[in-house]
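In what follows, every chain begins at residue 1, and chains take the letters A, B, ... in the order their sequences are listed. Computed from a predicted structure; not experimentally measured.
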Protein chains: 2
Amino acid sequence: MSAPTRQSFPLTDVTAVSVAGSAITADACAPAPGVAPLSPVAAADAAGLLKAIADPLRLRMLSYLSQAGQAEACVCDLAELADVSQPTVSHHLKVLREAGILTSERRGTWVWYSLEPAHQPAVEALLGAISTPQSTPLITGENDDH
Amino acid sequence: MSAPTRQSFPLTDVTAVSVAGSAITADACAPAPGVAPLSPVAAADAAGLLKAIADPLRLRMLSYLSQAGQAEACVCDLAELADVSQPTVSHHLKVLREAGILTSERRGTWVWYSLEPAHQPAVEALLGAISTPQSTPLITGENDDH
DNA sequence: TGTCTATATTGACGGTCATCGATTCATATC
DNA sequence: GATATGAATCGATGACCGTCAATATAGACA
């Protein structure tokens, strides 16, 4: 938990790179001073957002709201995406709201949820990366059958 | 009972639709039989994968392995991405391995991890969707103050 | 006012997760 | 075989998550 006082993330170019061709000869682990491209802070941020998204119902909610012509949805609509109680639906919406992914607006009796405009492109890109069925079968059902 | 501003996507068309200019007058939430674009099964699959990725250290590991010229990394390298114990590093690698995102190969004393080829494009797309700094500030540090 | 409906909040419970110390396994080298 | 090192597993612990029943809040309408 200590602060990474060392010159960690900043994309400073790696000093020693590539080296010889026979790198795999199992000689050394090569401490590789070059550090990860994602800074600890950025990683924590991204992990927080992904955690908010990484739930079946929340994913379906986002997917629903990402549909063309589905700019908004009231809670009662989103509640039909899964067979859970009303407080549970409210809880999931709160998670997405507090993560900055959704915004809500009350109009009369109902509360309408929509994608936060700032995050909309990223959310859609993420959903696309997850479910692209043609080239990258991330979720095409081979998660557990081999 | 007309629907406010909705119009479900393809699939089953909504019987009673919109009309009414003053849609917002709080009339009905329109049960909208239209189903979510992401099936429950697909959502569960995707959620499982996202859960595996949604951790700061695991994100950095993947980011590290996604770097050009970083096809492989031994555990001792990946361990330097965070200040945690060796069993913890091993645990995180196991999570990614069992999610099908990483593969491991022992060569001599060390164990080398690399992205599962089948998932590599999706993982890279996902990392890209998360950290694209130009248009979609998903992780640019405005996580919660909207 | 009061009642009804839609949504949010609270509090609790069981399950899962991240982490560690201790141990075990695997491989290399002496 | 004995020893050292890299990595995985085991067992425990505290924190977090998803869920629900009960309750509270907000607005619409009589």
**Q** Could you give the NZ-to-C1' distance, from Lys94(B) to dC25(C), as a whole number of Å?
**A**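 To the nearest whole Å, that distance equals 14 Å.
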
**Q** Measure CD1/Ile53(A) against P/dG18(D) and give the value in whole Å, please.
**A** 13 Å

**Q** Nearest to the side chain of His92(A) - dA18(C), dA8(C), dT19(D)?
**A**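 Given the options dA18(C), dA8(C), dT19(D), the side chain of His92(A) is closest to dT19(D).
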
**Q** If you pin Tyr113(A) and Lys51(A) to their nearest nucleotides in DNA chain C, which one's is more 5'?
**A**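 Between the two, 5'-proximity favours Tyr113(A).
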
**Q** Mind checking whether Leu96(B) and Tyr113(B) have side chains closer than 4.5 Å, heavy atoms only?
**A** no

**Q** Look at Arg106(A) and dT25(D) and indicate whether a side-chain polar atom (N or O) is within less than 4.0 Å of OP1 or OP2.
**A**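 No, no such contact exists.
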
**Q** In this structure, how many angstroms lie between the C1' atom of dG27(D) and the CD atom of Glu105(A), rounded?
**A**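 Going from Glu105(A) (CD) to dG27(D) (C1'), I get 15 Å.
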
**Q** Would you kindly give the CD-to-C1' distance between Glu98(A) and dC17(D), to the nearest whole Å?
**A** 14 Å

**Q** What's the closest nucleotide to the side chain of Thr109(A) if the choices are dG18(D), dA8(C), dA6(C)?
**A** dA6(C)

**Q** Could one point to a donor on the side chain of Gln86(A) or the base of dA6(C) with an acceptor on the other under 3.5 Å away?
**A** no

**Q** Minimum heavy-atom separation for Ser114(B) and Ala71(B), please, with both atom names.
**A** CB-O, 3.1 Å

**Q** Could you check which of dT7(C), dC20(C), dT9(C) has an atom nearest any side-chain atom of Thr88(B)?
**A**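 That would be dC20(C).
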
**Q** Which listed nucleotide (dA18(C), dT7(C), dT9(D)) is nearest to the side chain of Asp55(B)?
**A**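 Given the options dA18(C), dT7(C), dT9(D), the side chain of Asp55(B) is closest to dA18(C).
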
**Q** Output the rounded distance in Å from CZ (Arg107(A)) to C1' (dA28(D)).
**A**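 Nearest whole value for this atom pair: 16 Å.
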
**Q** So do Leu102(A) and Leu62(A) actually touch side chain to side chain, heavy atoms under 4.5 Å?
**A** yes

**Q** Let's see if you can work this out: which of dA7(D), dA8(D), dT19(D) has an atom nearest to the side-chain heavy atoms of Val84(A)?
**A**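 Shortest atom-to-atom distance from the side chain points to dT19(D).
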
**Q** Between dA6(C), dA8(D), dT9(C), which nucleotide gets closest to the side-chain atoms of Arg97(A)?
**A** dT9(C)

**Q** Testing the basics here: between Arg58(B) and Ile53(B), what is the closest heavy-atom pair and its distance to 0.1 Å?
**A** CB-O, 4.3 Å

**Q** Tell me: CH2 of Trp112(A) to P of dA26(D), nearest whole Å?
**A**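 Checked: the CH2 to P distance equals 21 Å.
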
**Q** Ignoring the backbone of His91(A), work out which of dG27(D), dT19(C), dT19(D) is nearest its side chain.
**A**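 Nearest listed nucleotide: dT19(D).
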
**Q** Closest approach to the side chain of Ser85(B), judged atom by atom: which nucleotide of dC20(C), dT19(D), dT10(C) is it?
**A** dC20(C)

**Q** Write down the distance between CG (Leu93(A)) and C1' (dG18(D)), rounded to a whole number of angstrom.
**A** 14 Å

